[in-house]
Amino acid sequence: MRAAIRDDNPVLFLEHMALYHAGNAEVGDGAPVALGKAKVTHKGTDLSIYASVLMTKRALAAAKVLADSGISAEVVDLRTISPLDEDTILMSARKTGRALVLSEAIGRGSSSNDVAALLAEYAFDDLKAPVTRLAPPNIPTPFARELEREYLPSEDRIVEATKAQMCLESSL
């Protein structure tokens, strides 16, 4: 938010309501995060998971579960969707050879498609399996907490999608 406020250009800042109730978190040293700069929040070697906001939190939890089963997942927090940090996105995919892109928005028309397209266009030869996207179904977003829990990609579904992605290489 600091970077958005300090930027001279118009910036659309999206704040996730679910993070209001996520408990205490580190605020940082007060220095603004650079717009357009992603962060590798968990290093891994087997697969890259790309996420933002709440999906980053779920991806980090999934990465811990995956580590227990011998899968080393790298989590890339996109932080901004426009501009995208193409260098960090591509560097991670080239390192791990696999990519899972998470989205809270339905797959059609989502900014996650930009990440998937970038990977398909510029990291295709480095990938061991096709890029996978995990997004809610193409239906209106529910507002009841119980329905929303089923609607959004969960930690369990991220783990399942990652394990499925790991099996794709042997079938190619």
Side-chain angles (χ1 to χ4, degrees), residues 1-67 71-136 152-153 155 158 161-162 165:
M1 184 172 14
R2 286 183 182 109
I5 291 169
R6 294 177 181 169
D7 197 281
D8 290 335
N9 298 304
V11 176
L12 181 60
F13 178 80
L14 304 174
E15 200 170 38
H16 199 292
M17 193 172 79
L19 294 177
Y20 293 159
H21 309 291
N24 296 335
E26 294 269 334
V27 175
D29 61 5
V33 172
L35 295 177
K37 186 68 182 146
K39 180 180 181 183
V40 176
T41 55
H42 188 271
K43 295 198 181 289
T45 56
D46 296 327
L47 173 125
S48 298
I49 302 175
Y50 301 94
S52 61
V53 197
L54 181 62
M55 289 297 105
T56 300
K57 182 178 177 186
R58 291 186 181 178
L60 288 168
K64 289 179 184 173
V65 172
L66 290 162
I71 298 172
S72 175
E74 179 151 294
V75 178
V76 179
D77 181 357
L78 299 173
R79 292 183 168 180
T80 62
I81 57 175
S82 183
L84 273 176
D85 183 352
E86 296 180 6
D87 292 337
T88 300
I89 292 168
L90 293 171
M91 177 194 63
S92 181
R94 289 177 178 139
K95 173 182 157 186
T96 66
R98 294 178 188 86
L100 172 63
V101 184
L102 304 180
S103 177
E104 284 184 67
I106 60 171
R108 188 165 292 131
S110 166
S111 60
S112 64
N113 295 339
D114 293 338
V115 176
L118 176 73
L119 292 165
E121 287 177 39
Y122 298 105
F124 182 81
D125 291 336
D126 300 300
L127 296 176
K128 300 172 187 173
V131 175
T132 302
R133 293 178 302 143
L134 182 59
L152 292 173
E155 176 186 322
I158 296 168
T162 299
Q165 173 75 290

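Separating the OG1 atom in Thr96 from the NZ atom in Lys128 is a distance of 7.5 Å, to the nearest 0.5 Å. The CD atom of Gln165 sits 10.5 Å away from atom CD1 of Ile71, with the distance rounded to the nearest 0.5 Å. Rounded to the nearest 0.5 angstrom, Asp114 CG and Glu86 CD are separated by 9.5 Å. We find the CD1-OG distance between Ile81 and Ser52 to be 7.0 Å, quoted to the nearest 0.5 Å. Going from atom CG of Leu127 over to atom CZ of Arg94 covers 9.0 Å, rounded to the nearest 0.5 Å. Rounding to the nearest 0.5 angstrom, the gap separating the CZ atom in Arg6 from the CG atom in Leu35 is 11.5 Å.
Across every non-hydrogen atom of Ile49 and Ala59, the tightest pair is CG2-CB, 3.8 Å. A pairwise comparison of heavy atoms in Pro136 and Leu152 identifies CG-CD2, 4.1 Å as the closest pair. Residue Lys37 comes nearest to Thr88 through the heavy atom pair NZ-OG1, 3.5 Å, listed as atom of the first residue, atom of the second, then distance.
No donor-acceptor pair under 3.5 Å is formed between the side chain of Ser110 and the backbone N or O of Asn113. Judged by distance alone, with hydrogens and angles left aside, the side-chain atoms of Tyr50 form no donor-acceptor pair with the main-chain N or O of Leu78 at under 3.5 Å. Listed for the Asp85 side chain is a donor-acceptor partner under 3.5 Å among the backbone atoms of Ala38. At distances below 3.5 Å, at least one donor-acceptor pair connects side-chain atoms of Ser48 with backbone N or O atoms of Ser92. Looking at Glu104, its side chain never comes within 3.5 Å of a backbone N or O of Pro153 through a donor-acceptor pair. In this structure a side-chain-to-backbone donor-acceptor pair under 3.5 Å is present from His42 to Ala73.
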message: Between Ile158 and Leu102, is the side chain to side chain contact (heavy atoms under 4.5 Å, CB included) condition met? List the steps.
response: CA-CA 8 Å; Ile158 296 168; Leu102 304 180; 3.6 Å; yes

- prompt: Please walk me through it: do Val131 and Val115 pass side chain to side chain contact (heavy atoms under 4.5 Å, CB included)?
  reply: CA-CA 10 Å; Val131 175; Val115 176; over 6 Å; no

- prompt: Which is it for Leu119 and Ile89 under the side chain to side chain contact (heavy atoms under 4.5 Å, CB included) test, yes or no, and what are the steps along the way?
  reply: CA-CA 8 Å; Leu119 292 165; Ile89 292 168; 3.7 Å; yes

- prompt: For Thr41 and Leu60, what are the C-alpha separation, side-chain angles and deciding distance, and is it a side chain to side chain contact (heavy atoms under 4.5 Å, CB included)?
  reply: CA-CA 8 Å; Thr41 55; Leu60 288 168; 3.4 Å; yes

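Looking at residues two or more places apart in sequence or on another chain, you find a salt bridge (Lys or Arg N to Asp or Glu O under 4.0 Å) between Lys95 and Glu74. Under the rule for a side chain to side chain contact (heavy atoms under 4.5 Å, CB included), the partners of Ala135 that lie at least two apart in sequence or sit in another chain are Ser103. By the salt bridge (Lys or Arg N to Asp or Glu O under 4.0 Å) test, Asp46 pairs with no residue at all, sequence neighbours left out.
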